[in-house]
K.L.:
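I am attaching a structure below and will ask some questions about it afterwards.
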Amino acid sequence: MFDVLIVGGGVSGISCALILGSASRKPFVTEKKIGIVTHQKTSSLQEALFNNAYGIAPGKMGTDLLIESTDQLAELYPHVVQIDHEKVLQIKGTAPNFTVVTNKNIYHTKLMVVAIGYSNTFAIEGLMAYVATHPKAIPHKQRIWLKNNDHKVDEGIYVAGTLAGWRSQLAIAAGSGAAVATDILTLWNDGIDSQSHDSLKK
């Protein structure tokens, strides 16, 4: 049983996982089991080139960033379980007992973060009732979002990145994933506002 399972290994999903992973020394996180399905085949980063993203060297290829970000997660926070080469097909149940069915396995989790792209090929059974036309995308591209209130789709289900209704910009997607992570940390901390920062003073 995961305490949280993130679906998607792109910008918003990895950003969320990095924040949650970095908080492992907090007493309310120590025993939490965090997982991420790092399926990246349809990530928009596959064709991306970055010259205007804060903190990223100009000329960075999206394909390289995909590899480097999962490597960073594995190196710094190996307690975050990475599930590779699997695609989520169905989500069943309600919080705090979701069943996540992939093309290869079945997992159980208390919380879900859906952080995959906003393509209209989205087809995760159990979430289709939340699908609507994306509010900030060009209509002819037929992008979709999961209807949410401040990233919360329903009890125990969060959405991050473009699928949350944000525009396709790396900095926005990363911030969205980080925002969801801090919401989850706050939830785990009995509603007391929480973040996870590294500091030279520590």
K.L.:
Are L5 and L163 connected in a single hydrophobic cluster, I mean Ile/Leu/Val/Met/Phe/Trp/Tyr linked by side-chain heavy atoms less than 4.5 Å apart?
P.N.:
yes

K.L.:
Using the ring-ring contact (aromatic ring centres under 6.0 Å, His included) criterion, which residues pair with Y158? Sequence neighbours excluded.
P.N.:
none

K.L.:
Looking only at heavy atoms, what is the nearest atom pair of G10 and L66, with distance?
P.N.:
CA-CD2, 4.3 Å

K.L.:
Run Q169 and N52 through side-chain contact (heavy atoms from CB on, under 4.5 Å) and show every step you take.
P.N.:
CA-CA 10 Å; Q169 203 75 39; N52 65 350; 3.7 Å; yes

K.L.:
Hydrophobic clustering (ILVMFWY, side-chain heavy atoms < 4.5 Å, transitive) - are I83 and I36 grouped together?
P.N.:
no

K.L.:
Residues in side chain to side chain donor-acceptor pair (under 3.5 Å) with Y130, at least two apart?
P.N.:
D154

K.L.:
Taking all non-hydrogen atoms of both residues into account, name the closest pair between V180 and A160 and its distance.
P.N.:
CG2-CB, 4.0 Å

K.L.:
Say you draw a straight line from OG1 of T38 to CG of L73; how long is it, rounded to the nearest 0.5 Å?
P.N.:
9.0 Å

K.L.:
Answer with yes or no whether the hydrophobic clustering places I144 together with V7; edges join I, L, V, M, F, W, Y residues whose side-chain heavy atoms lie under 4.5 Å apart.
P.N.:
yes

K.L.:
Under 3.5 Å, is there a donor-acceptor pair between the side chain of Q82 and the main chain of T70?
P.N.:
yes

K.L.:
Check this for me: H85, atom NE2, are more than 12 non-hydrogen atoms of other residues, nucleotides or ligands nearer than 6.0 Å?
P.N.:
no

K.L.:
Distance from L170 atom CG to L45 atom CG, nearest 0.5 Å?
P.N.:
6.5 Å

K.L.:
Let me check something: do V113 and I14 share a hydrophobic cluster, defined by ILVMFWY side-chain heavy atoms less than 4.5 Å apart, either directly or through other members?
P.N.:
yes

K.L.:
Tell me, with the steps shown, if R143 and N120 meet side-chain contact (heavy atoms from CB on, under 4.5 Å).
P.N.:
CA-CA 5 Å; R143 304 302 191 188; N120 64 357; over 6 Å; no

K.L.:
Kindly compute the distance separating NZ (K152) from CG (L146), expressed to the nearest 0.5 Å.
P.N.:
15.0 Å

K.L.:
Under the 3.5 angstrom rule, does the side chain of W145 hit a backbone N or O of T133 as a donor-acceptor pair?
P.N.:
yes

K.L.:
Any donor and acceptor pair, going by atom type alone, linking the side chain of H79 with main-chain N or O of G21 inside 3.5 Å?
P.N.:
yes

K.L.:
Does the side chain of L18 reach to within under 4.5 Å of the side chain of Y77, using non-hydrogen atoms?
P.N.:
yes

K.L.:
Charged N to carboxylate O under 4.0 angstrom, D3 versus K33?
P.N.:
no

K.L.:
List the atom of A181, the atom of L20, and the distance in Å for their closest heavy-atom pair.
P.N.:
O-CD2, 3.6 Å

K.L.:
Taking all heavy atoms of G156 and all of A95, pick out the closest pair and write down the distance.
P.N.:
CA-CB, 3.8 Å

K.L.:
Can you tell me if CH2 on W188 sees more than 12 non-hydrogen neighbours from other groups inside 6.0 Å?
P.N.:
yes

K.L.:
Any chance you could lay out the side-chain hydrogen bond (donor to acceptor under 3.5 Å, both in side chains) test for N103 and E86, step after step, and finish with the verdict?
P.N.:
CA-CA 6 Å; N103 58 326; E86 295 188 34; over 6 Å; no

K.L.:
Between S15 (side chain) and A174 (backbone), is there a donor-acceptor pair under 3.5 Å?
P.N.:
yes

K.L.:
Would you call K92 and E125 a salt bridge, taking side-chain N to carboxylate O under 4.0 Å as the test?
P.N.:
no

K.L.:
More than 12 foreign heavy atoms under 6.0 Å from NZ of K60: is that the case here?
P.N.:
yes

K.L.:
Can you tell me how far NZ of K32 sits from NZ of K110, rounded to the nearest 0.5 angstrom?
P.N.:
5.5 Å

K.L.:
Answer yes or no: does atom CG of D71 have more than 12 heavy-atom neighbours from other residues, nucleotides or ligands under 6.0 Å?
P.N.:
yes

K.L.:
In Å and rounded to the nearest 0.5 Å, what is the CG to CD1 distance from L127 to I157?
P.N.:
5.5 Å

K.L.:
Please report the shortest heavy-atom distance between G62 and F50, naming the atom on each side.
P.N.:
CA-CE1, 4.0 Å

K.L.:
Please round to the nearest 0.5 Å and tell me the distance separating atom NZ of K141 and atom OG of S168.
P.N.:
8.0 Å

K.L.:
Indicate the ring-plane relationship of W166 and H151, choosing parallel, tilted or perpendicular according to the 30° and 60° boundaries.
P.N.:
tilted

K.L.:
Is there a side-chain hydrogen bond (donor to acceptor under 3.5 Å, both in side chains) between S196 and S22? Walk through the geometry before answering.
P.N.:
CA-CA 7 Å; S196 180; S22 71; 2.7 Å; yes

K.L.:
Side-chain heavy atoms nearer than 4.5 Å, only ILVMFWY residues, links allowed to pass through others: does that put I116 and V100 together?
P.N.:
yes

K.L.:
Tell me whether T109 contacts the main-chain N or O of Y107 through its side chain, where contact means a donor paired with an acceptor under 3.5 Å.
P.N.:
no

K.L.:
Can you name the one residue among V153, I91, V159, V4 that meets side chain to side chain contact (heavy atoms under 4.5 Å, CB included) with M112?
P.N.:
I91

K.L.:
So, the side chain of N51 versus the backbone of P58: is there a donor-acceptor pair under 3.5 Å, distance only?
P.N.:
no

K.L.:
Minimum heavy-atom separation for I124 to V88, with atom names?
P.N.:
CG1-O, 3.8 Å

